Amino acid sequence: MNPKFLIIHHSLTKDGTAVSWGAIRKYHMDVKKWTDIGYSYGVELVGAHYEILKGRMDNEDGAHCLGFNDNSLSICLVGDFDAWSPPIPQLNLLRKLCRSLIEIYGIKPENVLGHRETYPLRGVPVEKTCPGSSMDMAAFRLTL
């Protein structure tokens with residue numbers, strides 16, 4: 001796969017200091033019956049700091065966004081960003097990861113989209129606020 005987009009998500013779960021990435025993977029595989037977690041990467045608080053966690057391999061189609069699974073990589077921020085704003089350290093690590101993937105794959109910064117921004121591109125009504133109503137994707141893109 002030669003990804004043209006990065007799609008940003010949030011888990012809609014409360015983040016703590018324990019890794020819940022494995023729980024998300026288990027849910028996707030056991031309940032949804034997918035072959036793996038749907039996302040390419042996760043950014044989660046582990047102990048006292050944020051870490052980048054690996055999901056599906058970059059050459060595998062995702063299971064995260066209809067119409068984009070075969071031409072994008074996805075990053076899930078663990079947290080509920082309808083309830084609160086993403087913490088600055090988590091955003092900083094997301095930015096670092098996005099910049100790296102942009103450089104590696106030649107993805108245009110304007111193609112870093114929040115999940116909710118994909119609905120109009122597909123011509124369907126917006127169904128989710130993902131990556132959360134407090135995540136300003138336009139402002140985030142300006143920092144890439």
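Since we're looking at a predicted model, the values are computed, not measured.
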Any side-chain heavy atom of [X] within less than 4.5 Å of one from [Y]?
X	Y	result
I24	V78	yes
D58	Y41	yes
L66	E127	no
F5	E117	no

Would you say [Y] ends up clustered with [X] if hydrophobic residues are merged whenever their side chains have heavy atoms under 4.5 Å apart, either directly or through other cluster members?
X	Y	answer
L91	L101	yes
L45	I75	yes
Y27	M29	no
I107	I52	yes
Y105	L97	yes

Checklist entry - Between W84 and F81, what is the ring plane arrangement, given parallel below 30°, perpendicular above 60°, and tilted in between? => result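 Rings of W84 and F81: perpendicular, as their planes differ by over 60°.
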
Next on the checklist: Once you measure the plane-to-plane angle for H9 and H64, does it fall in the parallel (<30°), tilted (30-60°) or perpendicular (>60°) bin?
Outcome noted: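 Ring orientation, 0 to 90° scale: perpendicular.
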
Do side-chain atoms of [X] reach the backbone of [Y] as a donor and acceptor pair under 3.5 angstrom?
X	Y	answer
E44	S20	yes
R141	D136	no
S133	T129	no
S11	G79	yes
K54	S40	yes
H28	W34	no
R56	I37	yes
N71	K4	no

Checklist entry - Above 12 or not: heavy atoms from other molecules or residues under 6.0 Å from CD of E110? => result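 Yes, enclosed.
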
What distance do [X] atom [atom1] and [Y] atom [atom2] have between them, rounded to the nearest 0.5 Å?
X	Y	atom1	atom2	answer
I8	L73	CD1	CG	10.0 Å
L53	W21	CG	CH2	6.5 Å
K128	C65	NZ	SG	8.5 Å

Item to check | Derivation and outcome, side-chain hydrogen bond (donor to acceptor under 3.5 Å, both in side chains), residues H115 and S74 | outcome: CA-CA 9 Å; H115 184 188; S74 56; over 6 Å; no

Checklist entry - Of the options C98, P109, P131, P86, which is the one that meets F140 in a side-chain contact (heavy atoms from CB on, under 4.5 Å)? => result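 When side-chain contact (heavy atoms from CB on, under 4.5 Å) is applied between F140 and each of C98, P109, P131, P86, only C98 qualifies.
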
